Amino acid sequence: MAWNVFKFCTALRAFGSIMIVFFLGLVGVTYYAAVVAYYGPHLFRGGFDTLIAVAFLFLFHLLLVMVLWTYATVVLTDPGGVPLNWRPLREEEKGDADPLVGLGYGIAKIGTNQSAVPGDFKNLDIGFCLKCNRLKPPRAHHCSICNRCILKMDHHCGWVANCVGALNYKSFLLFLFYTSLAAILVCLALLRVFMEIFNDDEVDLTPGKLAATFIAFVLNLAFAVSVLGFLIMHITLVGANRTTIEFQAKDKKTGLTWRYDLGWKKNYEQVFGTEKKLWLIPVYSKDDIRRMPALQGFEYPTRPNWDPQH
């Protein structure tokens with residue numbers, strides 16, 4: 001029997017929806033265990049217990065807002081698709097007002113052949129998608145689950161039921177950042193209860209609240225370890241200006257200088273923007289969107305004097 005790829009991809013899309021429900025369920029269980037069952041009642045005990053409860057509840061709700069904000073942004077934001085009739089701009093079409101001029105970036109030169117074939121752009125990383133049957137911009141890749149080419153595709157994430165690409169990569173990184181912080185905070189806050197359970201100490205919780213606390217601690221501990229490791233990996237990739245797909249393919253280009261590596265500062269600016277006050281929220285300034293084509297996913301500056309043979 002032939003393997004039906006379409007049914008497999010459809011199943012993966014359905015799986016993504018299940019993972020969204022699972023994640024929101026985890027948030028709900030965590031909120032019940034940490035706020036309703038434990039630290040909420042501590043607000044009325046007075047003294048040091050109240051002080052600790054106030055500090056925890058403030059930090060927890062702040063992180064919770066950021067987790068849900070960044071998560072919703074990753075899920076609902078289109079990662080960036082390739083327009084139906086996209087083609088690279090010719091030099092005379094760009095003119096002197098190219099937004100990359102004056103920013104200290106090298107600019108890839110595109111020829112004037114309007115009817116060019118994919119091979120004419122091989123040194124510019126402009127490819128041709130055999131599944132979509134059209135040109136695709138540099139760093140774009142075809143996603144079999146979404147059934148289209150994604151701009152600067154990093155990977156298809158089941159946890160968000162969406163691709164992670166040029167337009168939602170910053171939100172994805174912030175989601176990892178705030179989720180890891182929130183999970184670590186919850187683990188530290190519930191550690192005392194968790195230890196009391198295994199030390200056979202008397203715990204002032206009903207069986208239902210005790211079970212919710214145990215589940216919340218174990219799941220948040222797992223999230224803290226896995227998400228933190230994932231975050232560290234992506235911070236490293238951003239510093240080298242590589243996506244997960246490009247990192248996995250780098251062994252095929254051993255010894256070659258990565259054309260998009262502009263140094264850690266400019267590499268991070270291509271993801272987070274130049275406005276430092278906006279680095280920790282999933283938005284960009286209008287000036288950054290206007291001046292930095294990399295944020296739109298179609299054009300990426302290269303290293304000055306880059307040589308494809310070295």
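Everything numeric in this text was worked out from a predicted model, so none of it was measured.
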query = Where do V271 and K152 land on the side chain to side chain contact (heavy atoms under 4.5 Å, CB included) test, with the steps shown first?
reply = CA-CA 11 Å; V271 175; K152 196 186 176 184; 4.1 Å; yes

Student check: side-chain heavy atoms of [X] and [Y] closer than 4.5 Å:
| X | Y | answer |
| --- | --- | --- |
| K209 | Y32 | yes |
| F217 | V186 | no |
| R148 | C163 | no |
| R259 | Y300 | no |
| Y39 | P41 | no |
| V82 | C132 | no |
| P79 | L167 | no |
| H234 | T244 | yes |

For the atom pair [atom1] ([X]) and [atom2] ([Y]), what is the distance rounded to the nearest 0.5 Å?
| X | Y | atom1 | atom2 | answer |
| --- | --- | --- | --- | --- |
| K266 | R303 | NZ | CZ | 11.5 Å |
| N162 | D78 | CG | CG | 7.0 Å |
| L295 | K170 | CG | NZ | 8.5 Å |
| R134 | C149 | CZ | SG | 6.5 Å |
| K136 | L130 | NZ | CG | 8.0 Å |
| L173 | L280 | CG | CG | 12.0 Å |

V21 reachable from L64 in the ILVMFWY side-chain graph, under 4.5 Å edges =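 In one cluster: no.
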
Cluster check F44, Y38: I/L/V/M/F/W/Y, side chain < 4.5 angstrom = yes

Can you give each donor-acceptor pair under 3.5 Å made by side-chain atoms of residues 49-60, sequence neighbours left out, with the distance rounded to 0.1 Å?
unit_1	atom_1	unit_2	atom_2	d
T50	OG1	H42	O	3.4
T50	OG1	L43	O	3.2
T50	OG1	G46	N	2.6

Pairs under 3.5 angstrom only: tabulate donor-acceptor contacts from the side chains of residues 65-73 to other protein residues two or more places apart or in another chain.
unit_1	atom_1	unit_2	atom_2	d
T70	OG1	M66	O	2.8
T70	OG1	V67	O	3.1
Y71	OH	W159	O	2.6
T73	OG1	W69	O	2.7

inquiry  = Check whether Y169 reaches the backbone of T243 with its side chain - one donor and one acceptor, N or O, closer than 3.5 Å.
reply    = no

query = Is it true that a side-chain atom of Y268 and a backbone atom of I235 form a donor plus acceptor pair closer than 3.5 Å?
reply = yes

inquiry  = Please evaluate residues I126 and W86 with respect to the criterion side chain to side chain contact (heavy atoms under 4.5 Å, CB included), reporting the C-alpha separation (whole Å), side-chain torsions for both, the decisive distance (0.1 Å), and the verdict.
reply    = CA-CA 11 Å; I126 295 173; W86 179 87; 4.1 Å; yes

Give me the atom names and distance for the closest heavy-atom approach of [X] to [Y].
| X | Y | result |
| --- | --- | --- |
| G273 | Y284 | N-CE2, 4.0 Å |
| F272 | W279 | O-CD1, 3.3 Å |
| G297 | L151 | O-CD2, 3.6 Å |
| N241 | N267 | ND2-OD1, 3.2 Å |
| L174 | P282 | CD1-N, 3.6 Å |

request  = Quick one: do C157 and M19 satisfy side chain to side chain contact (heavy atoms under 4.5 Å, CB included)? Show the steps, please.
outcome  = CA-CA 10 Å; C157 181; M19 297 309 293; over 6 Å; no

inquiry  = Could you go through H142 and I150, starting from their C-alpha distance and side-chain angles, then the distance that decides it, and tell me whether this counts as side chain to side chain contact (heavy atoms under 4.5 Å, CB included)?
reply    = CA-CA 6 Å; H142 188 89; I150 302 297; over 6 Å; no

request  = Could you go through the ring-ring contact (aromatic ring centres under 6.0 Å, His included) check for F172 and H155 one step at a time?
outcome  = CA-CA 11 Å; F172 176 75; H155 68 289; 5.2 Å; yes

Side-chain polar contacts of residues 219-231 - donor-acceptor pairs under 3.5 angstrom, sequence neighbours left out - could you list them?
unit_1	atom_1	unit_2	atom_2	d
N220	ND2	T30	OG1	2.9
N220	ND2	A216	O	2.7
S226	OG	A222	O	2.8
S226	OG	F223	O	3.4

